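Working notes, structure below.
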Amino acid sequence: MRPQPSILHLDLDAFFAAVEQRDKPSLRGKPVVVGGLGPRGVVATASYEARAFGVRSAMRMAEARARCPHAAFLSPRFTIYRRTSRAVMAALRELSPVVEPLSLDEAYVDLTAGTIGDLSPSAVESLARDLKRTVRRVTGGLTASIGVGTSKLIAKIASDLRKPDGLLVVTPGAETELLSPMPVSVIPGVGPATAERLRRMGVHTVGDLGRVGEEELVRALGKAHGQALARLACAGDDRPVVAEREAKSISVEDTFDHDIADPALLGVVIERLASRVCERLARERLSGRTVTVKVRLYDFTTHTRSATLAGPTDDDRVITRLARRLLSEVDTSAGVRLLGVGVSGLADWVQEDLFGALVDETDADAEHADAEHSETERVTSGPVQTGPRWVPGADVIHRRYGAGWVWGSGLGRVTVRFETATTGPGPVRTFASDDPELAPYSPLTPHSPLARTDPPPAG
DNA sequence: TCTGGGGTCCTAGGACCC
DNA sequence: TCTGGGGTCCTAGGACCC
């Protein structure tokens, strides 16, 4: 908890629907529902006019249509939303460089990181008023709700309280009084399951929660959740605003209009999904080590199967083959409702020019071709400038460094074949991946492994 | 016509290593 | 050969968020 109300939370009101009303004047003042229009679609965002009829986010589209038949039902246009979102995030960064987007329509700002001198409640309130005007201007008329307080929790709850087009600055010291009468479900992280558990413990409000000991919460909800909740209950929240968080996974999934049981068709679908994931990996210049297949069956039960490669890849063939194998481990004969493919364990390096032919013929390949996940065999290489970061102790595969190293690895060991343009392929050696002998050749080691042209000692 | 799509974080058990 | 503790990695599932 900070001494001043320096954490700002901004939330664009009914964002997707508001953008549609901005771009189509005939929709202004009318109920608008944005979401999936197929037989299994759900509502992403409803305009406030549609909410008056009981339409809510995550509601089945069929029910939304029943409640509000005269609404406009639209498919989301993410490209447009992203563009509008970028304009808002840029406006926030004018206030302070420390901006943490939570989604396209929401972000935290740490005002202490900016150039604002006066962070008194009244000064912050007038700053927030200006910000709302700025948002209106850069978005072409969208409204935002803003909450400001001494912590993320307070700022977020404050922005919710005055929606839409709201503004609330919670003065330091007033936090507990504000929170205690509120239902526990206002705390982000307390969803239906946690709320029900707490209800059975006799906990209904944040005030009730504050009277329960941390030990009891940990016993009921697990260590991390229990401890976090115990702290939040007394408004003790010092979580920092974190700008530029890196993605941890990338995934793509599709719910089918009708369940699919045909294995051949499922095979085609999984390949398409894998290709889409690979396109995104390539676009974002990432590779990943772990491939996960998600299967939602006809009865909504959901299963995942995952496997981890010896090293990161963005190779469509490798990921597709693995995805197919993982799918085959699930009984899909009764019908599949949703299929998804994801990649995690991301590394920020890129596949550039292939010299797969060279790599494929090395002894390094033969040496671990029988490793558990031989899918990594064909993973490729790149020029030094965009090469992988080699982290000692981590696995790296088939990479060329400097004048010509090829690195291979499998499951905790690194197989290295050294070669240069003049001497050709050298001997193959296998090291434990954290072998200090390799350290001088790591790109992380100062004074340039990349500049070295002499091979490490041949074993 | 029950229940989207893209994420994050946590837990728990087992493997494996020292 | 047995026992055991700690750490890390992997996998599957679940809660939760927008």
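Each chain gets a letter, A, B and so on, in the order the sequences are listed, and its residues count up from 1. For clarity, every value in this text was computed on a predicted model and none was experimentally measured.
Annotation: of the two residues near DNA chain B, A:L338 and A:G38, the 5′-most nearest-nucleotide partner is A:G38. Two residues, A:H225 and A:R276, neighbour DNA chain B, and the one matched to the more 5' nucleotide by heavy-atom proximity is A:R276.
Rounded to whole angstrom, the span from the CZ atom of A:R245 across to the C1' atom of C:dC18 amounts to 13 Å. Rounding to whole angstrom units, NE2 of residue A:H258 and C1' of B:dT3 are separated by 16 Å. The nearest whole Å value for the distance from the NE2 atom in A:H9 to the P atom in C:dC17 is 13 Å. Rounded to an integer number of Å, the gap from CZ of A:F300 to P of B:dG5 is 10 Å. Spacing between atom CZ of A:R60 and atom P of B:dT1 amounts to 8 Å, rounded to whole angstrom units. Taking atom CD of A:E246 as the reference point, atom P of B:dG7 lies 15 Å away to the nearest angstrom. One atom, CG of A:L346, and another, C1' of B:dG7, lie 12 Å apart when rounded to the nearest Å. Rounded to whole angstrom, the span from the CG atom of A:L339 across to the P atom of B:dG4 amounts to 14 Å.
Between A:D11 and A:K156 there is no salt bridge, since no side-chain N of the basic residue sits under 4.0 Å from a carboxylate O of the acidic one. Using a 4.0 Å cut-off between charged nitrogen and carboxylate oxygen, A:E253 and A:R296 do not count as a salt-bridge pair. Using a cut-off of 4.0 Å between Lys/Arg side-chain N and Asp/Glu carboxylate O, A:E214 and A:R231 are scored as not salt-bridged. A salt bridge links A:K132 to A:D165: one of the charged nitrogens lies within less than 4.0 Å of a carboxylate oxygen. By the 4.0 Å N-to-carboxylate-O rule, A:R2 lies too far from A:D110 to be salt-bridged with it.
Annotation: side-chain contact (heavy atoms from CB on, under 4.5 Å) contacts of A:R86 (sequence neighbours excluded): A:R82, A:R83.
Heavy atoms of A:S57 sit nowhere under 4.0 angstrom from any nucleic acid atom. Among the heavy atoms of the strands lying under 4.0 Å from A:G191 are primed sugar atoms or P, OP1, OP2 only; no base atom is included. Nucleic acid contact class of A:G41 (heavy atoms, under 4.0 Å, all strands): none. Using a 4.0 Å heavy-atom distance criterion, A:A44 is classed as making no nucleic acid contact. Within 4.0 Å of A:K156, counting heavy atoms only, lie sugar-phosphate atoms of the nucleic acid but no base atom. Counting any heavy atom pair closer than 4.0 Å across all strands shown, A:V43 reaches no nucleic acid atom. Backbone-only engagement by A:R280 is indicated by non-hydrogen atom pairs under 4.0 Å involving sugar-phosphate atoms exclusively.
Expressed to the nearest 0.5 Å, how far NZ of A:K294 lies from CG of A:L338 amounts to 5.5 Å.
Between B:dG5, B:dT3, C:dT11, one nucleotide has an atom nearer to the side chain of A:S306 than all others, and that is C:dT11. For A:K223, the listed nucleotide lying nearest its side chain is B:dT11; candidates were B:dT11, C:dG13, B:dG6. For A:S249, the side-chain atoms get nearest to B:dG7 when compared with the rest of B:dG7, B:dT3, C:dG13. Side-chain proximity of A:I250 to the nucleotides C:dT11, B:dG7, B:dT11 is greatest for B:dG7. Of all nucleotides listed (C:dA15, C:dA12, B:dT3), C:dA12 comes nearest to the side chain of A:R305. For A:T304, counting side-chain heavy atoms from C-beta on, the closest listed nucleotide (C:dA15, B:dT8, C:dG13) is C:dG13. Here C:dT11 is the nucleotide among C:dT11, B:dG4, C:dA15 with the atom lying nearest to any side-chain atom of A:T290. Distance from the side chain of A:A62 is smallest to B:dT1 among C:dG13, B:dG5, B:dT1. Of all nucleotides listed (B:dG5, B:dT1, C:dT11), B:dT1 comes nearest to the side chain of A:P39. Checked against B:dT11, B:dG7, C:dA15, the side chain of A:A224 finds its nearest nucleotide in B:dT11.
Residues A:V34 and A:Y81 form a side-chain contact, since some pair of their non-hydrogen atoms from C-beta on lies under 4.5 Å apart. Proximity of A:V330 to A:R305: side-chain heavy atoms (C-beta onward) are separated by under 4.5 Å at one or more points. Between A:L168 and A:V170, some side-chain heavy-atom pair lies under the 4.5 Å cut-off. By the 4.5 Å heavy-atom criterion applied to side chains, A:M182 and A:T205 are not counted as neighbours.
Both cation-pi conditions hold for A:R65 and A:F73: the charged atom is under 6.0 angstrom from the six-membered ring centre and inside a 45 degree cone around its axis.
Remark: C:dC18 base-pairs with B:dG5. Criterion, Watson-Crick or G-U wobble with two distances under 3.5 Å.
Checking the phosphate oxygens (OP1, OP2) of B:dT3, no side-chain nitrogen or oxygen of A:R296 falls inside 4.0 Å. Look at A:T255 and you won't find any side-chain N or O under 4.0 angstrom from OP1 or OP2 of B:dT3. One finds no side-chain N or O of A:K248 lying less than 4.0 angstrom from the OP1 or OP2 phosphate oxygen of B:dG7. For A:H303 and C:dA12, the shortest distance from a side-chain N or O to OP1 or OP2 is not below 4.0 Å. Dashed line: the shortest gap from a side-chain N or O of A:R40 to OP1 or OP2 of B:dT1 is not under 4.0 Å.
Of the residues in residues 146-153 of chain A, not one comes within less than 4.0 Å of DNA chain C through any heavy atom. Contact check of residues 70-109 of chain A against DNA chain C (heavy atom, cut-off under 4.0 Å) returns A:S103, A:D105, A:E106.
In C:dT1 the O4'-C1'-N dihedral to the base is more than 90° from 0, which defines an anti nucleotide.
As rounded to the nearest Å, C:dC17 and B:dC2 have P atoms that lie 27 Å from one another.
Classification of the A:H70-A:F53 ring pair by plane angle, with boundaries at 30° and 60°, yields perpendicular.
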